[in-house]
Amino acid sequence: MPELPEVETIARGLAPLIVGRRFTDLTVLDPRVFPGGQAAFRRDILDREIMRVFRRAKLLMVELADGARVAFHLKMTGRVYVAEPAAAPHKHLRVLLGLDNGRALHFQDMRRFGTCRGFAPGGMENWDFYAGLGPEPLTLSPQDFASALAGRSGRIKALLLDQTVIAGVGNIYADEALFAAGIRPDTRAADIPGPRLEALLAALKDVLCRAIQAGGSTIRDYRTAEGVEGAFQWSFKVYGKSGQPCPACRGPLRSQTVAGRTSTYCPACQH
DNA sequence: GGGATTGTTTAAAT
DNA sequence: GATTTAAACAATCC
């Protein structure tokens, strides 16, 4: 579930809790969280000052004093937060990163899809997933958006979800942006005229910004770094609302599988 | 109990 | 090569 607005919210909440601190030790309860292995992580990450916490695509990033980096991918149900020393470990806790103030960064993940990787300075560029990420939508120009989609015959929903085309968009915000722009999810990208593409990018930026302001969307598992639920789920217009009335025309919303994902749209308002 | 759910990778088919 | 579909991954909910 964590898409761009959720990971952005977590990064902003986490930064004041760990910047200036150091990770002092690593406890791994489930080695599957470290597909790159733990040895390099211990060598490159521990005992260095934490300088920065930020987001790239759906990755939660922690940067250390020498430029080494940690990348968390929360996938479906991953959660990252700072726990007090006396806190009882959560049932789905997978990794503890001890901090030099006695607290610990906890990574919990019910469904075990989430990952954590450590990189020596500059090493992240050699990670295919990272190197292949497309541009950030919030700072994307209409010209670059158009060229990212130029010559693509695929469906617009599939391209919005493709992290190598646009980074950070998932099922929720793709559906919401397509509704706001009046574009059906199964439209071929090449069939969307320039002005409508521009409207789609504007709608995408608008929905992502409003979701960040609301602290993200909590469907079930997502929480901020402070453990609070997001509020943007109350502002959904179409996501998860198949059969309910369209907020614009009152006709029933419809669902269709596009790009292997359930896509909800208004057959009257979206063309 | 079958189906859907979330993000990504991989394989296979078109 | 581009695109599409399906399966896989894990656990849970309805």
Side-chain angles (χ1 to χ4, degrees), chain A residues 1-11 28-36 55-61 71-80 90-95 107-117 124 126-134 136-137 147-177 184-192 208 211 216-223 229-230 232-233 236 238-244 253-264:
Chain A
M1 294 169 194
E3 303 181 25
L4 186 155
E6 289 75 34
V7 181
E8 180 70 31
T9 301
I10 293 169
V28 178
L29 287 71
D30 181 354
R32 281 176 289 186
V33 172
F34 283 91
R55 177 198 59 76
R56 166 74 170 119
K58 298 171 190 171
L59 294 170
L60 175 65
M61 315 274 281
F72 294 95
H73 200 309
L74 306 179
K75 292 284 179 80
M76 316 285 202
T77 58
R79 288 180 54 182
V80 170
H90 188 272
K91 178 182 174 186
H92 302 304
L93 185 63
R94 309 299 178 201
V95 173
F107 180 79
Q108 81 177 44
D109 184 14
M110 178 180 75
R111 287 168 70 174
R112 301 176 192 258
F113 284 177
T115 59
C116 178
R117 297 164 199 263
M124 194 168 288
N126 301 321
W127 180 23
D128 286 347
F129 175 75
Y130 179 81
L133 286 172
E136 286 288 328
S147 63
L149 298 173
R152 301 296 298 259
S153 65
R155 301 185 162 115
I156 186 63
K157 170 82 179 258
L159 294 168
L160 289 176
L161 295 179
D162 185 338
Q163 300 300 297
T164 68
V165 176
I166 307 285
V169 180
N171 209 24
I172 294 172
Y173 300 105
D175 273 11
E176 292 294 321
R184 291 202 190 201
D186 62 350
T187 309
R188 305 260 166 204
D191 294 340
I192 303 175
L208 292 172
S217 305
T218 296
I219 307 295
R220 181 172 304 157
D221 302 283
Y222 162 73
R223 299 291 186 279
E229 294 189 1
F232 195 70
Q233 66 277 13
F236 289 169
V238 294
Y239 177 80
K241 293 184 178 292
S242 185
Q244 296 182 40
L253 297 174
R254 186 183 298 169
S255 270
Q256 176 186 341
T257 299
V258 180
R261 320 304 299 275
T262 298
S263 305
T264 307

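Below, each value reflects all heavy atoms present in this structure, side chains not excepted, and no hydrogens, waters or symmetry copies. Everything numeric here is computed off the predicted structure, so don't read it as measured data. Quick note on labels: first sequence line is chain A, next is B, and so on, each numbered from 1.
When heavy atoms are screened at a 4.0 angstrom cut-off, A:Arg261 is found touching base atoms of the nucleic acid. At the heavy-atom level, A:Arg188 lies under 4.0 Å from the strands shown only through sugar-phosphate atoms. Nucleic acid contact class of A:Asn171 (heavy atoms, under 4.0 Å, all strands): sugar-phosphate only. Within the nucleic acid shown, A:Gly154 comes within 4.0 Å of sugar-phosphate atoms alone, with no base atom in reach, counting heavy atoms only.
In this entry the distance linking CD1 of A:Ile166 with P of B:dG7 reads 16 Å, nearest Å. B:dT8 atom P lies 5 Å from atom CZ of A:Phe129, rounded to whole Å.
A:Gln108 places no side-chain N or O within donor-acceptor distance of the main-chain N or O of A:His92, the cut-off being under 3.5 Å. No donor-acceptor distance shorter than 3.5 angstrom exists from the side chain of A:Glu176 to the backbone of A:Ala174, with no hydrogens or angles considered.
Within the 4.5 Å cutoff, the side chain of A:Arg56 has heavy atoms near those of the A:Glu136 side chain.
Remark: the A:Tyr173 side chain and the A:Glu6 side chain contain an N/O donor-acceptor pair separated by less than 3.5 Å.
The listed nucleotides are C:dA11, B:dA4, B:dG7; the one nearest the side chain of A:Thr262 is B:dA4. Distances were taken from every side-chain heavy atom of A:Phe113 (C-beta onward) to each of C:dC9, B:dT8, C:dC13; the shortest belongs to C:dC9.
A 3.5 Å limit on both hydrogen-bonding distances identifies C:dT4 as the Watson-Crick or G-U partner of B:dA12.
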